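All values reported here derive from a predicted model rather than from experimental measurement.
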Amino acid sequence: MQKKNVWVHNHLLLLLLLFLLFITTHTNGTTINIPIGVILDTESMVGKITSTCISMALQDFYREHTNFTTTIVPNFRDSKQDNVQAASAAIDLLKNRQVIAILGPMKSSQADFVIEIGNKSKVPIISPATTPSLSPDHNPYFIRSAHNSSSNVEPIAQFIKSFSWKQVVFVYEDGDYGTSFVPYLSDAMLMIGAKVMYRTIVSPSASDVWILKELYKLKTMQTRVFVVHTLPALASRFFKKVNEAGMMEKGYVWIITEVATSQLHTLDVDSMQGVIGVKSYIPRSDRLISFEKRWKTRFRSQNPEVDITTPDMFGIWVYDTVFALATAFEKVASDQINTTFQRETEASTSMTDLDAIGTSEMGPKLLPWIRNLRFEGLSDDFHIIDGQLQSSVYQIVNIIGKGEKPIGFWTPGNGISKTLNLTTNQQSKDKLGAITWPGDTHIIPKGWEIPTSDENKLRVGVPAKGGFVQFIDASFDPQTKKVVATGFCVDVFKAVVDALPYAVRSEFIPFITPDGKRPAGSYNDLVYEIFRGTYDAVVGDITILANRSEYVDFTLPYTEAGVSMIVPITVDERKSAWIFTRPLERDLWIMTGAFFIYTGVVVWILEHRVNEEFRGPPHQQVGTIFWFSFSTLVFAHKEKLISNLSRFVVAVWVFVVLVLTSSYTASLTSMLTVQQLQPTYTDIHQIMRNGESVGYQDGSFVAGMLKEMGFHPSQLKNYSTFEEYDNALQNGSKNGGVSAIMDELPYIRVFLAKYCDKYTMTGPTYNTAGFGFAFPIGSPLVPDVSRAVLQVTEEQMRNISNQWFGGGAGCDEQKGAKVTSDSLTLDSFKGPFLIAGLSSTSALIIYLFTFLYENRDKLVSEGSISQKLAAIAKTFNDESTKTSEVVDINKSPAISAYHQEAVVFSHDEGGSSATEPGTPLASL
């Protein structure tokens with residue numbers, strides 16, 4: 001009661017001072033008193049700070065503007081921290097005082113009621129309520145004199161991103177203030193690739209016991225990054241319980257939003273050491289420093305029992321709001337607007353208080369002046385657009401000792417930075433000041449950790465297999481009744497866990513049916529159990545596949561990748577009578593023979609009319625074609641070529657033959673001099689075409705892979721041990737076995753180490769990603785385990801492999817060897833054949849065009865097509881008489897006869913050696 005009297009006394013003194021100020025500053029003119037309402041929680045710290053800021057703003061403004069004709073007269077009301085009381089105070093101010101505008105209330109829950117009243121009465125409600133759901137766009141008479149709380153989501157998100165934290169827990173206050181903030185934070189986390197793993201709603205009326213119980217539940221989770229969005233009163237209670245729960249220790253990250261950060265003076269900061277806060281940045285100007293000194297004196301005189309030295313940002317914004325409102329009143333008053341309210345009907349006993357208020361005539365005129373304004377105020381750039389105070393710079397602070405320590409800034413253009421002078425985006429934790437984290441440590445928290453208590457062990461699923469125990473085997477210890485997992489995969493996993501920078505406790509759970517007698521499903525089923533929440537991880541010979549990665553996240557692989565084929569080795573064929581045919585595959589033999597014949601035919605066509613050696617009876621010409629073509633194989637052709645086109649064709653073909661013979665000789669030499677491990681098959685598709693069977697490991701994805709290749713299910717057989725592999729391959733498809741085994745490379749290596757003298761790996765290797773450990777999607781363990789896998793692979797993998805698979809002596813060369821067909825294939829000689837084919841065909845086309853052009857008279861002559869073709873064929877078969885063609889003159893019968901006659905004439909009886917004059921040369 002005494003505090004109440006003091007508060008009333010202080011405000012009476014304030015009114016008296018304002019009255020004296022009006023008398024002294026307006027003695028030469030008439031002023032208009034404009035009543036406004038002020039709704040505060042007068043007993044709260046925020047209310048006291050705001051009250052002092054309002055009174056100082058009015059005093060400072062009218063001291064600077066002595067010529068103004070309007071004067072604001074404040075009417076204070078106490079909301080008593082109650083929503084209904086705040087609404088009642090607003091009605092009282094509007095009905096009985098007919099205020100033109102209302103400052104407040106401060107809380108969003110109270111402002112929600114008052115804003116509706118302002119919309120109905122057309123009275124501007126100027127409130128620092130930060131709740132996003134209270135939108136000035138939907139409430140035309142609401143002016144938010146503070147930043148929308150959704151605007152500080154981006155600085156928080158960028159701070160989390162700078163430390164690469166991927167998971168957060170959101171703690172928020174029950175009610176519109178907290179729930180309306182959730183969608184904005186969730187969207188911001190999504191944009192940076194982080195995830196809100198859990199949400200805790202805390203009621204302002206929640207008991208300390210309930211809060212403590214909820215904190216213990218959060219403690220059992222992996223996530224250690226918490227974003228707290230509550231009002232100061234609840235935040236103070238909450239963090240006291242955080243300390244009590246042991247969650248303000250090393251490894252934890254606590255981030256509070258703007259409202260709580262800006263009112264640290266109302267909180268118990270001793271329980272918040274190391275907490276990160278985000279708040280709007282107000283530059284430290286000379287004017288602000290001077291105001292704070294005067295404010296401190298005024299506030300202590302009014303509240304001697306409170307030890308606060310500076311106003312918060314809400315008080316500074318209220319100070320600037322009063323300046324803006326007083327300026328707007330002066331501009332509107334020039335229109336001589338009536339400050340009274342207009343009622344549609346006369347008051348009656350049946351009317352409610354809202355009906356009795358009516359609507360303000362001045363409100364609609366005042367609204368444009370205060371919904372959009374900008375000036376340099378105490379808070380620097382005080383800028384309101386469409387009823388919303390604009391934000392630009394946020395400050396990130398670290399709560400240390402009794403106050404806060406600035407560590408960085410956030411701006412829309414530069415993101416997070418240590419200072420405001422940067423011109424480029426600096427999204428790195430190195431661009432922040434030194435941070436003292438909870439637990440009084442400077443070590444950056446990981447953001448998550450695996451709880452190490454027995455009740456929070458990592459549940460690791462393992463396959464239950466009857467064979468291939470070198471890789472994974474799980475059994476129950478009859479004495480301890482615990483699962484014992486052994487094998488290569490288990491040892492790798494244990495080595496990886498030991499390499500992690502923190503302790504991870506785990507227990508192995510076999511994937512078996514309830515009766516414990518057989519596997520509960522395939523490997524795909526086992527992986528899917530992670531998605532269902534049965535396991536926290538799966539360890540074993542689990543291959544990384546695309547369809548599996550839709551449900552889980554895999555670590556980096558820790559084995560070699562690929563699927564290949566095992567087949568029996570055939571007998572050495574070096575003594576075979578037909579080994580000379582093996583250097584070339586059948587297709588290459590056929591193509592080579594075809595080109596021999598084609599080249600011979602082309603050369604015959606080009607030489608037939610000009611070369612006697614390519615003429616004669618038909619059977620002789622056919623023999624010439626084959627003889628000339630195949631004799632090039634050993635470069636033994638003796639026929640002399642006359643046509644330049646045929647010379648070009650043969651030159652190119654001889655080059656191709658040289659390549660073929662050299663390759664054939666090298667391949668045959670290798671076959672005859674080196675021991676060959678010849679596979680029975682080198683092509684899986686050949687087995688499929690022959691209708692033979694192929695084996696695979698039971699439960700493996702290889703079965704689906706073989707079906708996609710085209711194998712019928714009846715051709716596929718599954719096996720569970722290496723011994724079954726051996727028996728099936730020995731029997732073969734004809735005796736109930738298989739012709740080949742398809743499996744992954746790690747299994748093949750182990751199998752060949754044991755049976756290297758009987759089988760070999762052959763055919764192409766089909767790509768896979770290898771074995772990996774599976775975790776739930778988004779698990780923070782995945783990146784750390786992947787890094788540990790790399791470390792183990794480099795340092796320990798050889799020792800682990802030797803332990804389970806042996807070093808191997810005598811089979812080293814073969815067990816890792818992959819045998820493929822050693823015959824030369826057609827694909828290797830496509831280039832030379834293409835060159836030879838183009839050369840021969842081009843020469844043939846040129847010759848045919850030339851021949852047809854020279855005999856075009858026959859083509860255009862009268863007669864049927866058959867007659868024309870017969871004439872062309874006859875011409876082609878006739879010997880060429882072109883003078884340009886080369887002919888041995890000494891072999892010409894006509895010239896020989898001439899020479900004989902000349903000899904006779906040169907020895908006639910008269911001794912004359914000359915012919916008779918006038919004897920024509922043609923008669924000789």
Between D268 and S236, is there a side-chain donor-acceptor contact under 3.5 Å, judged purely by atom types and distance? no
Does the side chain of S203 come under 3.5 Å of the side chain of D174 through a donor N or O and an acceptor N or O? no
May I ask you to decide if the ring planes of Y252 and W254 are parallel, tilted or perpendicular, using 30° and 60° as cut-offs? parallel
Heavy-atom check, side chain of N119 versus side chain of V114, under 4.5 Å: no
Taking K48's backbone N and O only, do any of them form a donor-acceptor pair with S51's side chain (distance below 3.5 Å, no angle check)? no
Working to the nearest 0.5 angstrom, can you tell me the gap between I308 CD1 and K296 NZ? 12.0 Å
Look at the side chain of S417 and the backbone N and O of L420, then say whether any donor-acceptor pair between them is shorter than 3.5 Å. no
Do E249 and R224 sit within salt-bridge range, that is, some charged N less than 4.0 Å from a carboxylate O? no
Should the pair R287 and F323 be classed as cation-pi, given the thresholds of under 6.0 Å to the six-membered ring centre and 45° from the axis? yes
Could you measure the distance from the OG1 atom of T297 to the CD atom of E292? Nearest 0.5 Å is fine. 12.0 Å
For the residue pair I91 and I117, establish whether any side-chain heavy-atom pair is separated by less than 4.5 Å. yes
Give the C-alpha distance, both sets of side-chain angles, the deciding distance and a yes or no for side chain to side chain contact (heavy atoms under 4.5 Å, CB included) between V322 and L58. CA-CA 7 Å; V322 171; L58 289 172; 3.6 Å; yes
Could you state the interatomic distance from CD1 (I370) to OH (Y141), rounded to the nearest 0.5 Å? 10.0 Å
Are any of the side-chain heavy atoms of P445 and K250 separated by less than 4.5 Å? no
Test log, rule side-chain hydrogen bond (donor to acceptor under 3.5 Å, both in side chains), inputs S379 and D320: CA-CA 7 Å; S379 61; D320 286 343; 2.6 Å; yes
Residue pair A434 / I407: nearest heavy atoms and the distance that separates them: O-CG2, 3.7 Å
Apply side chain to side chain contact (heavy atoms under 4.5 Å, CB included) to T321 and L103, showing your working. CA-CA 9 Å; T321 301; L103 293 178; 3.8 Å; yes
Please report the closest heavy-atom contact between L367 and P124, naming both atoms and the distance. CD1-CG, 4.2 Å
Minimum heavy-atom separation for I125 to G118, with atom names? CG1-CA, 3.8 Å
In sequence, state the C-alpha distance, the side-chain angles, and the governing distance for F409 and Y281, and then conclude on ring pair (Phe, Tyr, Trp, His ring centres under 6.0 Å). CA-CA 8 Å; F409 298 90; Y281 174 65; 5.0 Å; yes
May I ask you to check whether over 12 heavy atoms, not counting those of K241, lie within 6.0 Å of atom NZ? yes
Are T52 and Q302 linked by a side-chain donor-acceptor pair shorter than 3.5 Å? yes
Could you check R199 against S186 for side-chain hydrogen bond (donor to acceptor under 3.5 Å, both in side chains), going step by step and ending with a plain yes or no? CA-CA 10 Å; R199 297 183 180 93; S186 299; 2.9 Å; yes
Close side-chain approach of K279 to Y394, heavy-atom, < 4.5 Å: no
Is E305 salt-bridged to R300, cutoff N-O under 4.0 Å? no
For the side chain of T50 and the backbone of G47, is there at least one donor-acceptor N/O pair under 3.5 Å apart? no
Let's go through M56 and R298 carefully: what are the C-alpha distance in whole Å and the side-chain angles of both, what is the deciding distance for side chain to side chain contact (heavy atoms under 4.5 Å, CB included) to 0.1 Å, and is it a yes or a no? CA-CA 9 Å; M56 291 184 66; R298 174 73 66 85; 3.8 Å; yes
Take N83 and S109 through the side-chain hydrogen bond (donor to acceptor under 3.5 Å, both in side chains) test and state the conclusion after the steps. CA-CA 6 Å; N83 298 344; S109 58; 3.1 Å; yes
Working to the nearest 0.5 angstrom, can you tell me the gap between M272 CE and F238 CZ? 10.0 Å
Starting at CD1 of I435, measure out to CG of N398 and round the result to the nearest 0.5 Å. 6.0 Å
Going by the angle between their ring planes, with limits at 30° and 60°, are F159 and W437 parallel, tilted or perpendicular? tilted
For the residue pair R294 / Q59, report whether a side-chain donor-acceptor contact shorter than 3.5 Å exists. no
Without swapping roles, check the side chain of N372 against the backbone of P368 for a donor-acceptor pair under 3.5 Å. no
Any idea which heavy atoms bring S180 and T131 closest together, and the distance? OG-CG2, 3.1 Å
Just by distance, do the side chain of D82 and the backbone of Q85 share a donor-acceptor pair under 3.5 Å? yes
Got a second to check how far N152's CG is from L185's CG, nearest 0.5 Å? 9.5 Å
We want to know whether Y319 and D60 form a side-chain donor-acceptor pair, criterion being a heavy-atom distance below 3.5 angstrom. yes
Exam field: side chain Q263 to backbone T261, donor-acceptor pair closer than 3.5 Å: no
What are the two closest heavy atoms between L366 and V332, and how far apart are they? CA-CG2, 3.8 Å
Is a side-chain donor-acceptor pair under 3.5 Å present for Q395 with S280? no
When the aromatic ring centroids of F68 and H65 are compared, is their separation below 6.0 Å? yes
Please check if atom CG in D187 has more than 12 non-hydrogen atoms from other residues, nucleotides or ligands closer than 6.0 Å. yes
Could you tell me whether D92 and R77 have a side-chain N and a carboxylate O separated by less than 4.0 Å? yes
With the side chain counted from C-beta on, respond yes when E173 and V202 share a heavy-atom pair under 4.5 Å apart, and no when they do not. no
Backbone N or O of P128 within a donor-acceptor pair of the R144 side chain at under 3.5 Å? no
Do Y172 and T200 come close enough that some side-chain heavy atom pair is under 4.5 Å? no
With no hydrogens and no angle check, do the side chains of D176 and S133 hold a donor and an acceptor under 3.5 Å apart? yes
With a 4.5 Å heavy-atom cut-off, do R374 and F382 have their side chains touching? no
Does the D312 side chain pair with the main chain of G315, one donor and one acceptor, at a distance under 3.5 Å? yes
Please answer whether the main-chain N or O of V269 pairs with a side-chain N or O of Q273 as donor and acceptor at a distance below 3.5 Å. yes
Using modelled atom types only, decide if a donor and an acceptor are shared between the side chain of D380 and the backbone of P283 within a distance under 3.5 Å. no
Just by distance, with hydrogens left out, do T70 and E330 show a side-chain donor and acceptor under 3.5 Å apart? yes
List the atom of I192, the atom of K166, and the distance in Å for their closest heavy-atom pair. O-NZ, 4.1 Å
Run the numbers on I126 and V318 for side chain to side chain contact (heavy atoms under 4.5 Å, CB included), then give the verdict. CA-CA 9 Å; I126 309 172; V318 166; over 6 Å; no
Please work out whether the ring planes of F181 and H229 are parallel, tilted or perpendicular, with thresholds of 30° and 60°. parallel
Does any non-hydrogen side-chain atom of V123 lie less than 4.5 Å from one of L94? yes
A quick test of your reading: do over 12 heavy atoms of other residues, nucleotides or ligands sit less than 6.0 Å from CG of D137? yes
